[in-house]
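Quick notes on the structure that follows.
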Amino acid sequence: MIRWAIGACLILLFTIPALSDVPASLLISPGAILCIKMDDPGTVTGAFIIKSSGNENDDRAILAYAKTLTWAPKKPSDPVRNVWFPIGIAFGKNKPPRSPDRCAPPNS
């Protein structure tokens, strides 16, 4: 489990997603934790909130933002493709919330 988490962190640190425009309201939001899934080409194929920012509108904007992200196409060593994984997202000077080791979609 720790090996998977370290691998996931390395992929997220070294495979930088393409950035979309960030709504100004999110620059003061504390951020949220999402569970996302991406495919081999690097497209987000699913996402949902697992820890709210505390503001429903910010949560919707964070979720919409996350769904626009793309990563580099899969490399043979990428373990985090076609599986659900947690990611903390925050904007501006805010630090992302600490994510759990794993997540799964509701009803799984």
Side-chain angles (χ1 to χ4, degrees):
M1 180 167 81
I2 291 175
R3 183 180 298 160
W4 181 89
I6 291 170
C9 290
L10 290 175
I11 286 172
L12 294 176
L13 288 174
F14 294 109
T15 308
I16 300 171
L19 296 177
S20 301
D21 291 330
V22 177
S25 65
L26 293 181
L27 296 177
I28 59 171
S29 170
I33 301 174
L34 282 66
C35 189
I36 68 171
K37 187 176 184 179
M38 71 176 131
D39 60 14
D40 290 344
T43 302
V44 173
T45 59
F48 61 93
I49 301 279
I50 56 176
K51 183 172 185 220
S52 173
S53 67
N55 179 300
E56 191 174 320
N57 290 330
D58 287 350
D59 286 349
R60 276 195 294 273
I62 291 169
L63 189 57
Y65 175 82
K67 290 178 179 180
T68 69
L69 297 175
T70 57
W71 275 261
K74 181 181 178 179
K75 296 178 183 171
S77 61
D78 290 347
V80 185
R81 296 299 169 112
N82 301 302
V83 295
W84 291 97
F85 64 94
I87 183 170
I89 296 181
F91 302 92
K93 295 182 181 180
N94 298 312
K95 291 185 179 181
R98 183 179 165 102
S99 299
D101 291 335
R102 57 191 140 151
C103 64
N107 306 324
S108 67

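Numbering starts at 1 and runs along the sequence shown.
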Please tabulate, one pair per line, all N/O donor-acceptor pairs under 3.5 Å involving side-chain atoms of residues 32-44, not counting sequence neighbours.
{"unit_1": "Asp39", "atom_1": "OD1", "unit_2": "Gly42", "atom_2": "N", "d": "3.2"}
{"unit_1": "Asp39", "atom_1": "OD1", "unit_2": "Thr43", "atom_2": "N", "d": "2.8"}
{"unit_1": "Asp40", "atom_1": "OD1", "unit_2": "Asn82", "atom_2": "ND2", "d": "2.8"}

Kindly list each side-chain donor-acceptor pair under 3.5 angstrom involving residues 86-97, sequence neighbours excluded, with atom names and distances?
{"unit_1": "Asn94", "atom_1": "ND2", "unit_2": "Leu27", "atom_2": "O", "d": "3.3"}
{"unit_1": "Asn94", "atom_1": "ND2", "unit_2": "Ser29", "atom_2": "O", "d": "2.7"}
{"unit_1": "Asn94", "atom_1": "ND2", "unit_2": "Phe91", "atom_2": "O", "d": "3.2"}

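The two atoms that bring Cys103 and Ile50 nearest to each other are CB-CD1, 4.1 Å, heavy atoms only. Closest approach of Asp78 to Pro73, counting heavy atoms only: OD2-O, 4.1 Å. Taking both residues in full, the closest heavy atoms of Pro79 and Ser77 are given as CD-O, 3.0 Å, listed atom of the first, atom of the second, then distance.
Atom-to-atom distance recorded for Ile62:CD1 and Ser52:OG is 8.0 Å, nearest 0.5 angstrom.
With sequence neighbours excluded, no residue satisfies side chain to side chain donor-acceptor pair (under 3.5 Å) with Ser99.
For residues 49-65, the pairs satisfying salt bridge (charged side-chain N to carboxylate O under 4.0 Å, His left out) are Glu56-Arg60, with sequence neighbours left out. For residues 40-88, no residue pair satisfies the disulfide bond (SG atoms under 2.5 Å apart) rule, not counting sequence neighbours.
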